[in-house]
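As structure tokens, the structure follows; a few thoughts come after it.
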Number of protein chains: 2
Amino acid sequence: MDAICKCKNIDKKELERTIEQQPDADTIERMSNFFSVFGDGTRLKILYYLSCQELCVADLASLVKMGQSAVSHQLRNLRLNRLVKVRKEGTTSYYSLDDEHVQSIFEVALEHINEVKR
Amino acid sequence: MDAICKCKNIDKKELERTIEQQPDADTIERMSNFFSVFGDGTRLKILYYLSCQELCVADLASLVKMGQSAVSHQLRNLRLNRLVKVRKEGTTSYYSLDDEHVQSIFEVALEHINEVKR
DNA sequence: TTAATATATGAACAGATATTCATATAAGGA
DNA sequence: TCCTTATATGAATATCTGTTCATATATTAA
């Protein structure tokens with residue numbers, strides 16, 4: 001503990017609790033991975049559009065003004081992270097949200113950026 | 001609109017509303033930027049430790065098991081994004097959280113990754 | 001079967017990002 | 001003043017990530 005805390009003014013009892021209760025490496029990795037998914041404009045737009053209604057790849061591509069391939073890659077990312085799901089009908093794939101947390105995540109982020117508006 | 005929606009089964013009235021109400025480019029950029037900050041394990045750990053108590057750079061470095069420089073760079077990032085603030089005392093800098101959303105953000109993320117546990 | 005359409009995916013490339021290293025700044029003590 | 005300590009920061013580097021391009025797969029129509 002001495003090796004860890006060289007500063008005065010630090011509550012060492014509190015620090016012990018902090019270390020005991022710290023999230024394990026796996027949790028940290030899952031969390032950072034989860035947030036990284038939201039850390040890209042294209043994916044945010046896709047999630048926004050899908051929060052309104054189910055849409056096919058071609059429509060999403062024209063909505064986000066990006067190539068079909070790029071959108072398809074991003075949808076794969078979102079699918080692997082369990083944020084969207086697919087429904088196939090003939091050759092077209094209809095995507096929709098697969099997580100009810102997306103809305104609340106968006107709300108907290110909007111609160112933050114609105115407070116920080118410079 | 002025809003150029004946008006080539007698929008059947010799409011509610012075009014809803015699509016119009018979706019486009020009208022879509023967040024502007026600036027908002028999208030701020031949001032993705034905000035989430036990117038949380039998309040890194042080192043920063044997540046720092047935020048966790050600071051959610052327990054104010055800490056100096058050296059202590060944070062030994063807690064996250066990383067060099068002083070790396071931590072300092074990340075603290076700068078967090079500071080620029082208004083997530084932490086500094087208090088100087090002599091040569092040491094004490095960092096603490098500067099945003100009450102951090103807790104709620106963490107909670108939503110934990111809910112998600114706990115549901116997705118594979 | 002052949003052609004057309006919708007989507008998926010591997011490879012390549014460009015741009016972004018985290019860490020390290022070296023060094024600068026700045027305060028306090030000897 | 002000189003030395004030590006705590007932190008900050010610019011540059012370099014290695015890694016990661018998003019997009020594009022080319023192509024594969026699969027379904028439907030002719």
Side-chain angles (χ1 to χ4, degrees), chain A residues 2-10 28-29 32-47 50 54-81 83-96, chain B residues 2-10 28-29 32-47 50 54-81 83-96:
Chain A
D2 281 335
I4 286 167
C5 181
K6 304 163 199 110
C7 293
K8 44 285 158 196
N9 304 338
I10 300 266
I28 291 290
E29 202 200 312
S32 66
N33 194 48
F34 173 71
F35 287 120
S36 293
V37 178
F38 290 89
D40 174 78
T42 303
R43 284 191 294 267
L44 281 186
K45 286 180 204 163
I46 291 175
L47 289 172
L50 294 183
E54 182 188 67
L55 288 164
C56 69
V57 179
D59 286 345
L60 282 169
S62 69
L63 282 166
V64 304
K65 298 181 182 64
M66 204 146 275
Q68 171 269 320
S69 180
V71 172
S72 198
H73 277 294
Q74 296 295 22
L75 285 168
R76 178 184 151 84
N77 184 332
L78 292 168
R79 195 161 19 89
L80 291 175
N81 284 284
L83 291 170
V84 305
K85 56 175 187 285
V86 216
R87 177 178 70 80
K88 307 232 175 191
E89 202 173 292
T91 59
T92 99
S93 299
Y94 291 96
Y95 282 83
S96 56
Chain B
D2 281 335
I4 287 166
C5 180
K6 305 164 200 109
C7 293
K8 44 285 158 197
N9 304 338
I10 301 265
I28 291 289
E29 203 198 313
S32 64
N33 194 49
F34 173 72
F35 286 120
S36 293
V37 178
F38 291 88
D40 175 78
T42 303
R43 283 191 295 267
L44 280 186
K45 286 180 204 162
I46 291 174
L47 290 173
L50 294 183
E54 183 188 66
L55 289 163
C56 69
V57 179
D59 286 344
L60 282 169
S62 70
L63 283 167
V64 304
K65 298 180 181 66
M66 206 147 274
Q68 172 270 320
S69 180
V71 172
S72 199
H73 277 294
Q74 296 295 21
L75 285 168
R76 179 184 151 84
N77 183 333
L78 292 167
R79 196 159 20 88
L80 291 175
N81 283 285
L83 290 170
V84 305
K85 56 176 186 286
V86 217
R87 176 177 70 82
K88 306 232 177 193
E89 203 173 291
T91 60
T92 97
S93 299
Y94 290 96
Y95 282 83
S96 57

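Hydrogens, waters and symmetry mates play no part in the numbers below; they use all other heavy atoms, side chains included. In the text below, chain A, chain B and the rest are named by the order of the sequence lines, each starting its count at 1.
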Could I get the full list of ring-ring contact (aromatic ring centres under 6.0 Å, His included) partners for A/Tyr95, not counting sequence neighbours?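 Checked A/Tyr95 against ring-ring contact (aromatic ring centres under 6.0 Å, His included); zero matches.
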
If the condition is side-chain contact (heavy atoms from CB on, under 4.5 Å), which residues does [X] pass it with, not counting sequence neighbours?
X       : value
A/Asp40 : A/Thr42, A/Arg43, A/Gln74
A/Ser96 : A/Glu54, A/Lys85
B/Glu29 : none

Which is true for A/Ser36 with a 4.0 Å heavy-atom rule: it touches a base, it touches only sugar-phosphate, or it touches nothing?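 Touches nothing.
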
Can you measure A/Glu89 atom CD to D/dA26 atom P for me and round it to whole angstrom units? 19 Å

Short heteroatom pairs, N/O only, protein and nucleotides 20-22 of chain D, under 3.5 Å:
residue, atom, partner, partner atom, Å
D/dT20, O4, A/His73, NE2, 3.3
D/dC21, N4, A/Ser69, OG, 2.6

Quick one, B/Val86 with B/Leu75, criterion side-chain contact (heavy atoms from CB on, under 4.5 Å). Give me CA distance, side-chain angles, the key distance, then yes/no. CA-CA 9 Å; B/Val86 217; B/Leu75 285 168; over 6 Å; no

OP1 or OP2 of [N] under 4.0 Å from side-chain N/O of [X]:
X       : N      : value
A/Ser93 : C/dA8  : yes
A/Arg76 : C/dT9  : yes
A/Lys65 : D/dT19 : no
B/Tyr95 : D/dA6  : no

Distances under 3.5 Å between nitrogen or oxygen atoms of protein and nucleotides 27-29 of chain C:
none

Closest approach of A/Gly41 and B/Ser32, non-hydrogen atoms and distance?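 Smallest interatomic distance, heavy atoms only, reads N-CB, 3.7 Å.
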
Position toward the 5' end of DNA chain D (nearest nucleotide), B/Lys88 or A/Arg43: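 On the 5' side of the pair lies B/Lys88.
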
Parallel, tilted or perpendicular: which describes the rings of A/Phe35 and B/Phe38, with under 30° parallel and over 60° perpendicular?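 Tilted: the ring planes of A/Phe35 and B/Phe38 meet at 30° to 60°.
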
Taking the side chain as C-beta and beyond, is there a heavy-atom pair between B/Thr92 and B/Val57 under 4.5 Å? no

